[in-house]
> 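Here you go, one structure.
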Amino acid sequence: MAMARPLDSYSLRMYGNSSIRRDLPRPFEVIHCELGHASFGSVTSSSTSFGSKFRNSRAEIQFPENPSSESILRHGTSENGAVIDVSSSGKLIREYVDDGFPEDAIKVYFSMLECGIPPEEFRFFPCLIKAFGALSDKKKVRQIHGYLLKLGALDDIYVGNSLLDVYWKCGVAKDTFALFEKMCSKDLVSWNTMISGLCHSGDHLGSLRTFNQMILEYGVFPNRVACLSALSSCSSVESLFHGREIHAYVVKKGIGDEFLVSKLIDMYMKCGDVKNAEYVFRGIFNEDSIRGNTVIWNVMISGYISNGYLPQAVELFQEMLVIQIQPDFSTMVTILDLCSELLDLAVGMQIHALVISLGLDNDLRVETALIDMYFKCGDTKSGLEIFRMSQNRNTVMWGAVISNCVKSDCPNEALELFHDYIIGYGYVDSVIILAVLRACSSLIIKPKGLEVHGLVVKSRFDSDIFVGGALVDVYAKCGDMESAQKVFDRLPTRDLITWNALILGYAQNEYPNETLKACRDMQFEQIRPNAETGARILSVCAQLSAMIFCKEVHGYLLRQGLDSNVLVNNSLIAAYAKCGDINSSWAIFEKMREKNEVSWNSILRGLGMYVHADKIFVLFGKMKEEGMKPDHATFTSLLSACSHAGRIEEGWKYFRSMVEDYKLEPQLEQYTCMVDLLGRAGHLKQAYDMILMMPCNSDDKIWGSLLASCKSHGDERLAEVVANHIFKLDPTSIGYRVLLANLYEEYGKWNEVIRVRTEIKGRGLRKSPGCSWIEIKNKIHTFTAGDRSHNQSEEIYAAVRNLSIEVEKAGYISHY
DNA sequence: CTAGGGTTAG
């Protein structure tokens with residue numbers, strides 16, 4: 001993705017703030033004359049001088065058409081008396097261009113002309129063209145192009161080739177092609193300029209096409225320069241076919257120097273052909289001159305890493321040290337990346353020691369890689385320490401530390417660092433802004449999000465889809481879908497990530513209709529959802545127990561060809577079970593060709609709500625047979641099945657097995673299942689002791705389960721104790737107070753009933769009424785007790801009365 | 001006088 005960068009000192013120099021060097025020999029006294037952005041000087045002279053001509057010419061360079069009257073002289077004289085000749089101005093121009101002062105170089109040329117030297121004497125046009133190119137102003141390049149055309153200088157192949165190159169560097173591919181077509185003679189350099197220009201401009205296929213055209217249509221055979229560019233293009237488009245052809249050609253011609261060798265290895269690695277990369281690499285052991293080339297080793301190691309050959313990368317690095325190839329900063333950066341990948345802190349620390357002994361610990365890039373390594377290997381403290389001690393921080397290093405803090409689940413730390421950063425720098429880049437937005441999202445802090453949003457707009461990142469997606473996510477997490485939609489609508493383009501952020505926002509905030517609409521709109525834009533989109537929407541379907549929603553999403557995912565995805569199917573199993581359609585869950589489970597642990601856990605959990613416990617136990621046996629490893633979720637499913645069926649014996653068996661056979665430390669969830677199981681079976685004291693003895697903190701759910709058991713087994717004394725535990729955890733708890741009151745009521749403890757009910761009133765607590773809903777034509781209609789707001793409520797209540805009569809006729813006896 | 005150079009920090 002394209003990243004906006006603040007202007008650096010280089011570009012500042014290019015635009016406006018032209019620096020004129022004083023330390024180089026300056027034979028001419030210079031006056032300034034405005035010319036577009038850049039300023040030019042010209043020799044002090046009469047009003048008829050050429051300098052005054054381009055002052056009036058609306059930022060156009062006016063090249064002198066006729067030499068001035070005195071120009072019969074071969075050698076001009078400047079005002080301070082220095083003799084100027086063509087060759088000394090040429091040398092000066094070259095010097096200025098090489099040192100990065102193109103404006104001064106151009107001034108020298110004009111001065112030369114003003115001194116009466118005719119342009120046709122000049123033989124440094126390629127250098128002058130380079131100077132124009134360095135101004136990064138395509139208009140000025142076109143002007144010198146026209147000027148040279150008039151002079152007839154374009155017949156010179158050097159001049160043409162230089163112009164080609166400069167056009168590429170100014171990013172005007174169209175003009176380059178036009179010139180290339182018109183050039184009457186093309187040599188290898190012309191072709192190479194085109195091939196490498198295409199390569200650098202990102203048109204790798206065009207680059208390879210030109211390479212082939214040169215050989216096949218024009219019979220020009222490539223040299224090593226052409227091969228280097230073409231190999232770069234092969235790497236980028238991963239064209240192993242072309243790469244191998246070039247490899248063969250290089251071998252046949254015997255032009256394999258160290259640059260070509262490393263490019264070839266790089267090409268094979270980028271194409272995923274590790275075997276051939278190794279083959280080329282082994283060749284260097286026969287060539288003493290290039291065996292010690294560090295870069296080749298670096299390319300080889302980083303190639304191994306990017307192809308996932310981590311042990312080989314380690315081995316090669318060790319070999320490199322053994323045969324004493326000098327590692328450089330790039331080796332260190334690459335190896336630190338390897339440590340991060342391996343999550344090997346011990347080796348990372350050894351590399352840190354090596355970095356210090358090599359004296360590379362002050363290298364900004366190495367320091368940044370060290371910070372990254374420590375964070376990724378889980379040593380946040382050391383990562384921060386290196387950052388704090390670093391003498392040479394830059395935006396990349398700040399980005400490394402801030403984004404790693406967010407990834408390491410320290411969003412507060414990240415926001416503090418960001419605060420320090422922004423005070424010192426005043427601008428942000430996209431990596432930092434993304435990290436900060438993620439921190440806001442995970443902390444759900446909207447004010448900070450709004451502040452960063454302001455910064456996003458100010459820094460002109462508001463049309464960046466990555467940043468936009470992160471902003472949508474922040475607003476969605478904070479529940480402000482209106483703002484999320486606004487940000488989304490303003491994005492110039494949307495991709496899967498941004499759509500996902502919006503859809504999940506609607507889903508998580510329980511807007512099923514908007515969620516589905518967004519899914520349809522995404523489809524309309526021809527963007528296909530990925531498995532994660534599907535899984536996350538389905539988890540919302542499950543949360544909402546919304547059957548129609550679930551079916552529609554299922555159909556949608558089917559049409560998108562995601563029905564064979566494990567993640568999607570696991571979510572479908574859970575969602576259908578939650579919506580009460582266990583048959584669909586089972587059908588999906590049976591049809592799945594690829595199942596993982598989560599698939600088994602989902603179906604066990606789903607079935608646990610509906611079928612006989614024995615079936616669950618059998619299924620668990622099958623799960624083990626298929627080599628699946630039970631985890632906490634598996635045991636939660638098993639234990640809750642035992643609890644529903646009152647199977648104490650099996651409950652204890654699985655609980656013990658979890659600890660002993662699978663070395664899984666029971667969590668609150670599993671303890672809750674056991675307390676529920678014991679309580680339902682009337683082992684109230686045992687259940688109570690279990691809560692007190694378990695190593696984790698209790699919550700209202702585990703106590704609530706026991707309270708319900710106390711109610712059904714009529715132990716009002718324990719109920720009081722249990723209830724007090726709940727009220728201590730949640731003083732405003734209303735549901736459990738009602739449960740307690742009902743318990744006393746059932747056993748005729750009227751004084752206690754009054755006490756609890758008075759407390760409820762005194763605390764101003766109100767129980768939110770129960771609620772049910774039904775889906776009709778993609779709309780969810782909700783109903784609460786006594787609600788008459790629905791416009792068909794009369795008919796609805798009439799239907800309810802009729803149903804009640806029918807139910808009683810059928811023999812149902814209501815408890816109330 | 002003109003083309004080109006490998007790995008490479010968030």
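To find a chain, count down the sequence lines: A is the first, B the second, and so on, and within it residues start at 1.
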> Using a 4.0 Å heavy-atom cut-off, does A/S229 contact any base of the nucleic acid, only the sugar-phosphate backbone, or nothing at all?
nothing
> Using a distance-only test with no angle check, is there a side-chain donor-acceptor pair under 3.5 angstrom linking A/N223 and A/N192?
yes
> For A/T193, report the nucleic acid contact type (base, sugar-phosphate, nothing); a contact means any heavy atom under 4.0 Å.
sugar-phosphate
> May I ask you to say what A/V396 touches in the nucleic acid, namely base, sugar-phosphate or nothing, with a heavy-atom cut-off under 4.0 Å?
base
> Do other residues, nucleotides or ligands put more than 12 heavy atoms under 6.0 Å from the CZ atom of A/F241?
no
> Tell me whether the centres of the aromatic rings in A/Y109 and A/F122 are closer together than 6.0 Å.
yes
> Of the nucleotides B/dT8, B/dA3, B/dG10, which one has an atom closest to the side chain of A/V431?
B/dG10
> For A/K169, which contact category applies under a 4.0 Å heavy-atom criterion: base, sugar-phosphate, or nothing?
sugar-phosphate
> Nearest of B/dT2, B/dT7, B/dA9 to any side-chain atom of A/R94?
B/dT2
> With sugar-phosphate meaning primed atoms plus P, OP1 and OP2, does A/N223 contact a base, only sugar-phosphate, or nothing at under 4.0 Å between heavy atoms?
base
> Would you mind reading off the distance between A/N392 atom CG and B/dG10 atom C1', rounded to a whole angstrom?
15 Å
> With a non-hydrogen cut-off below 4.0 angstrom, is A/T331 in contact with a base, only sugar-phosphate, or nothing?
nothing
> Hey, does A/L336 reach any base, or is it just sugar-phosphate, or nothing, if we go heavy atoms under 4.0 Å?
nothing
> How long is the line joining CG of A/D363 and C1' of B/dA9, in whole Å?
8 Å
> Is a donor-acceptor pair below 3.5 Å formed from side chain A/N298 to base B/dG6, judging by atom type as modelled?
no
> Give A/S162 one of three labels, base, sugar-phosphate or nothing, depending on what nucleic acid heavy atoms sit under 4.0 Å from its own.
sugar-phosphate
> So which nucleotide from B/dT2, B/dA3, B/dG6 ends up closest to the side chain of A/K263?
B/dG6
> Give one of base, sugar-phosphate or nothing for A/F125, where a contact means two heavy atoms less than 4.0 Å apart.
nothing
> Could you check which of B/dG10, B/dA3, B/dG5 has an atom nearest any side-chain atom of A/V225?
B/dA3
> Can you find a donor-acceptor N/O pair under 3.5 angstrom joining the side chain of A/S330 to the base of B/dT7?
yes
> Counting only side-chain heavy atoms from C-beta out, which of B/dG6, B/dT2, B/dG10 sits nearest to A/N161?
B/dT2
> Would you kindly give the NZ-to-C1' distance between A/K270 and B/dG6, to the nearest whole Å?
10 Å
> Among the candidates B/dT7, B/dG6, B/dG10, find the nucleotide nearest to the side-chain atoms of A/I432.
B/dG10
> Within the structure shown, what part of the strands sits under 4.0 Å from A/N293 by heavy-atom distance: base, sugar-phosphate, or nothing?
base
> Check whether any side-chain heavy atom of A/F418 lies under 4.5 Å from a side-chain heavy atom of A/L455, and answer yes or no.
yes
> Find the distance A/L370:CG to B/dG10:P and express it as a whole number of Å.
12 Å
> Taking atom CG of A/D328 and atom CH2 of A/W297, what is their separation to the nearest 0.5 Å?
13.5 Å
> State which of B/dT2, B/dG5, B/dA9 makes the closest approach to the side chain of A/R365.
B/dA9
> I need the CD-C1' distance between A/E258 and B/dT7, as an integer number of Å.
13 Å
> Among the candidates B/dT8, B/dG5, B/dA3, find the nucleotide nearest to the side-chain atoms of A/D165.
B/dA3
> What's the CD1-P distance between A/I296 and B/dT7, to the nearest Å?
12 Å
> What is the distance, to the nearest angstrom, from the CD1 atom on A/I265 to the C1' atom on B/dT8?
16 Å
> By nearest atom, which of the nucleotides B/dA9, B/dC1, B/dG10 is closest to the A/L364 side chain?
B/dA9
> Is there aromatic stacking of A/Y158 on B/dC1 here, judged by a ring-centre distance under 5.5 Å and a plane angle under 30°?
yes
> Taking A/D175 first and then A/K138, would you say they form a salt bridge - that is, a charged N and a carboxylate O separated by under 4.0 Å?
no
> What about A/D187: does its side chain form a donor-acceptor pair under 3.5 Å with the base of B/dA3?
no
> Nearest-Å distance, CH2 (A/W398) to P (B/dA9)?
21 Å
> Taking the side chain of A/S403 as heavy atoms from C-beta outward, which of B/dT7, B/dG10, B/dG5 is closest to it?
B/dG10
> Give A/V333 one of three labels, base, sugar-phosphate or nothing, depending on what nucleic acid heavy atoms sit under 4.0 Å from its own.
sugar-phosphate
> Could you tell me how the ring of A/F221 sits relative to the ring of A/Y249: parallel (under 30°), tilted (30 to 60°) or perpendicular (over 60°)?
parallel
